[in-house]
2 protein chains.
Amino acid sequence: MTDLPQISEQPEPIVLDAIDRAIIARLHDNARIPNIDLAREVGVSPSTCLARVRSLRERGVIIRYTAEINPAALGYTLQALISVRIRPGARHLMEQISDELRTEPEVAQLFFLGGSEDFLIHVRVRDSAHVRQFVLKNLSANPAVALTETNLVFEHHTALSAGLRTVL
Amino acid sequence: MTDLPQISEQPEPIVLDAIDRAIIARLHDNARIPNIDLAREVGVSPSTCLARVRSLRERGVIIRYTAEINPAALGYTLQALISVRIRPGARHLMEQISDELRTEPEVAQLFFLGGSEDFLIHVRVRDSAHVRQFVLKNLSANPAVALTETNLVFEHHTALSAGLRTVL
DNA sequence: GCTGAAATCTACGTTAG
DNA sequence: CTAACGTAGATTTCAGC
């Protein structure tokens, strides 16, 4: 899925009180916590808690609930970051290239960047031959691509979203 | 949380059949789908489905269930990628620096890299002044840091894990 | 908007194929 | 390993504060 556009959204500014933030933090940590337990932990009744969770979902604060999958279990044990520069005359093709890349099963994340590089692609692959093949097929073969640089990922950590640590 | 180490794990190799993969794909899309619906969609009985989901959880295929939170709703509307190079004589401090960075609320992801750069940090911040302050305080002030480079993120896309598209 | 109780539905252990 | 049954407990609606 995609993050929401970062400008000129929010018809009504989203206001979250301490209970909302506590709910968010707990659901981020465990999306399947029973509503009754969640309610007790944040200090409201189950029905109130349910109404708040729904409101958060409807206002787009909670984007979705997802299961984190261990990619190694699926046979993809290697990760790499590939930075890509598009030829200056081909910048109008960036949306199309992005759409094509996102259909490739190896692509885990895609960043559009400002600065000297245009894309950063986070891929999950079987081995180094696989990443080489990915670059050749999906990037080097495209005449709009000016330059690529591949870095292997040794470790990858993800953290709780900003602004939620203090309520845990 | 952290991805599992990428080498020498799996006492027993994890084998997943088509039903397991279908379950994984649906739980990745919606971690809160009722077991009864999940069972119907993948074509097994609810009790069988529940047993499979548990097994996937116990074998570490499903790492956890999490709610994706819209960072913009929390007031963090700007994203940046910061690449960091550590001084060659200070490489032994990398673990310590990593641990310190991960306690900062702005840090969403942290990559340990091979190649010319050592770290890549994905941060979520309020504005450009905030990211500048982050770099000054957490990186430039550290004598082990040789070089940093900050790129603003215009868009960020995340995709379904590799190997699951075909079963959807 | 919050609370508490009633009805519906789900999860999950047990039994059996 | 898989399917069916039964119970305990959760979710969700609704009336009242």
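Letters A, B, ... mirror the listed sequences (proteins, then strands); counts begin at 1.
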Salt bridge (Lys or Arg N to Asp or Glu O under 4.0 Å) partners of [range], not counting sequence neighbours, each pair once:
| range | result |
| --- | --- |
| residues 43-54 of chain A | A:D17-A:R52, A:D20-A:R52 |
| residues 38-51 of chain B | B:R26-B:E41, B:D37-B:R40 |
| residues 127-144 of chain A | A:E104-A:K137 |

Of all residues at least two apart in sequence or in a different chain, which pass the salt bridge (Lys or Arg N to Asp or Glu O under 4.0 Å) check with B:R91?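 B:D118.
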B:F119: which residues meet the ring pair (Phe, Tyr, Trp, His ring centres under 6.0 Å) condition with it, sequence neighbours left out? B:F112
Partners of B:H122 by ring pair (Phe, Tyr, Trp, His ring centres under 6.0 Å), sequence neighbours excluded? A:F111, B:H156
Just by protein heavy atoms under 4.0 Å, how would nucleotides 12-17 of chain C read 5' to 3' in B, S and -? BS----
Going by side-chain hydrogen bond (donor to acceptor under 3.5 Å, both in side chains), name the residues that satisfy it together with B:R87, two or more places apart in sequence or in a different chain.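 Partners of B:R87 under the side-chain hydrogen bond (donor to acceptor under 3.5 Å, both in side chains) test: none.
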Return the set of residues passing side-chain hydrogen bond (donor to acceptor under 3.5 Å, both in side chains) with B:E100 (not counting sequence neighbours), or none when no residue passes.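 Here the qualifying residues are B:Q96.
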Between the protein and nucleotides 6-8 of chain C, list the N/O to N/O atom pairs that are separated by less than 3.5 angstrom.
none

Hey, where on DNA chain D does chain A first and last touch, going 5' to 3'? Cut-off is any atom under 4.0 Å from a heavy atom.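 Result: D:dA10 to D:dT13.
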Contact list for residues 142-153 of chain A, test side chain to side chain donor-acceptor pair (under 3.5 Å), sequence neighbours left out: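 Sorted pair list comes back empty.
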